[in-house]
Amino acid sequence: MLNIILCGAPGSGKGTQSGYIAEKYGLKHLSTGDVLRAEIAKGSELGKKIDALISEGNLVPDDMMYGVIENYIASLPQDCKGTIFDGYPRTVSQAESLTELLKKYGMEAIMIDLLVDEQLLIQRLIERGKMSGRADDNLNTIRHRIAVYHNQTEPIAHYYLHHGNYCPVNGNHAVEDVFLQIKRIIENYGR
Ligand code: AP5
């Protein structure tokens with residue numbers, strides 16, 4: 001089974017590359033951002049709380065995210081070829097939980113980290129914001145999301161480096177070139 005943790009700052013291309021990887025390798029794609037936005041769209045009480053956090057560019061609490069991931073992994077079909085975890089984990093605590101959960105089900109994962117210059121991230125998200133309708137795609141919130149990424153998410157690179165499954169990718173290039181780098185990592189995995 002091939003499990004991939006796709007990590008990177010807001011706008012680094014996690015969602016875009018997940019689509020390519022899922023199609024090429026027949027993997028499931030779990031975007032925690034999409035799961036949370038689906039809850040907001042339901043208009044539930046939980047969705048309102050999530051909306052307040054996401055709109056400000058803040059992370060949803062770890063314990064809430066843990067439930068999402070635990071349910072997802074527990075319900076994976078036997079014939080699943082693997083999952084792309086897009087946007088999870090985002091804290092060291094989430095990374096530790098995911099390692100434990102995967103271990104419990106006899107699985108492991110490689111972490112692919114999309115590294116993109118800050119100016120490019122802002123440019124991409126401002127551009128997307130013209131069409132996306134996402135409450136967090138405006139300059140102030142984008143800046144805050146990037147700061148949250150530096151403070152809370154970036155440290156997970158050290159966690160995976162320490163665990164020996166860290167694979168950095170230069171995400172500044174065109175979509176196809178970034179995908180080529182990812183393909184090389186996947187196809188060398190386990191050799
Ligand atoms: P989420 O939806 O995951 O948002 P994000 O991490 O901010 O990432 P984005 O979707 O903005 O960007 P992306 O990296 O997927 O890039 P994309 O491919 O779209 O999470 C939203 C919120 O939910 C979080 O802020 C948090 O509040 C909450 N949340 C989610 N997971 C959580 C967790 N685990 N714990 C706690 N809270 C959580 O590309 C962006 C744009 O750039 C697109 O227009 C695309 O076409 C373009 N583009 C992509 N690649 C390239 C390229 N190589 N060249 C040119 N343009 C490109």
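Being a predicted model, the structure only gives us computed values, none of them experimental. Because only heavy atoms are used, hydrogens play no part in the values below, and waters and symmetry mates are left out as well, while side chains stay in. Atoms within a ligand are numbered from 1 in the order they appear, just like the ligands themselves.
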Original post:
Out of curiosity, is Leu36 lining ligand 1, as in a heavy atom under 4.0 Å away?
Top reply: yes
**OP:** State whether Asp34 and Arg37 are salt-bridged, where the test is any N-O pair (Lys NZ or Arg NE/NH1/NH2 against Asp/Glu carboxylate O) under 4.0 Å.
**Re:** yes
**OP:** Over all heavy atoms of both residues, which pair between Asp137 and Ile142 is shortest? Give the atoms and the distance, please.
**Re:** C-CD1, 3.9 Å
**OP:** Looking only at protein heavy atoms, identify the closest one to atom 43 (C) of ligand 1 and say how far it is in Å.
**Re:** Arg128 CD, 4.0 Å
**OP:** Please confirm whether Gly57 comes under 4.0 Å of ligand 1, counting heavy atoms of the residue only.
**Re:** no
Original post:
In terms of side-chain heavy atoms, does His144 have a donor or acceptor partner in Asn58 at a distance below 3.5 Å?
Top reply: yes
Original post:
Which atoms from ligand 1 have a heavy atom of Thr32 less than 4.0 Å away?
Top reply: 30 (C), 31 (N), 32 (C), 34 (N)
Subject >> Carboxylate-amine/guanidinium contact Glu127 Arg124, below 4.0 Å >> reply: no
Original post:
Between Gly11 and ligand 1, is there a nitrogen or oxygen pair with a distance under 3.5 Å?
Top reply: yes
Original post:
For Pro89, is the nearest heavy atom under 4.0 Å from an atom of ligand 1?
Top reply: no
Subject >> Residue, atom name and distance, where the atom is the protein heavy atom closest to atom 3 (O) of ligand 1 >> reply: Arg90 NH2, 2.5 Å
Subject >> Close-contact set for ligand 1 against Gly15 heavy atoms, below 4.0 Å >> reply: 13 (P), 15 (O), 18 (O)
**OP:** Decide whether the shortest distance between a heavy atom of Ala9 and an atom of ligand 1 is less than 4.0 Å.
**Re:** yes
Original post:
Is it true that Ala174 lies under 4.0 Å from ligand 1, counting heavy atoms only?
Top reply: yes
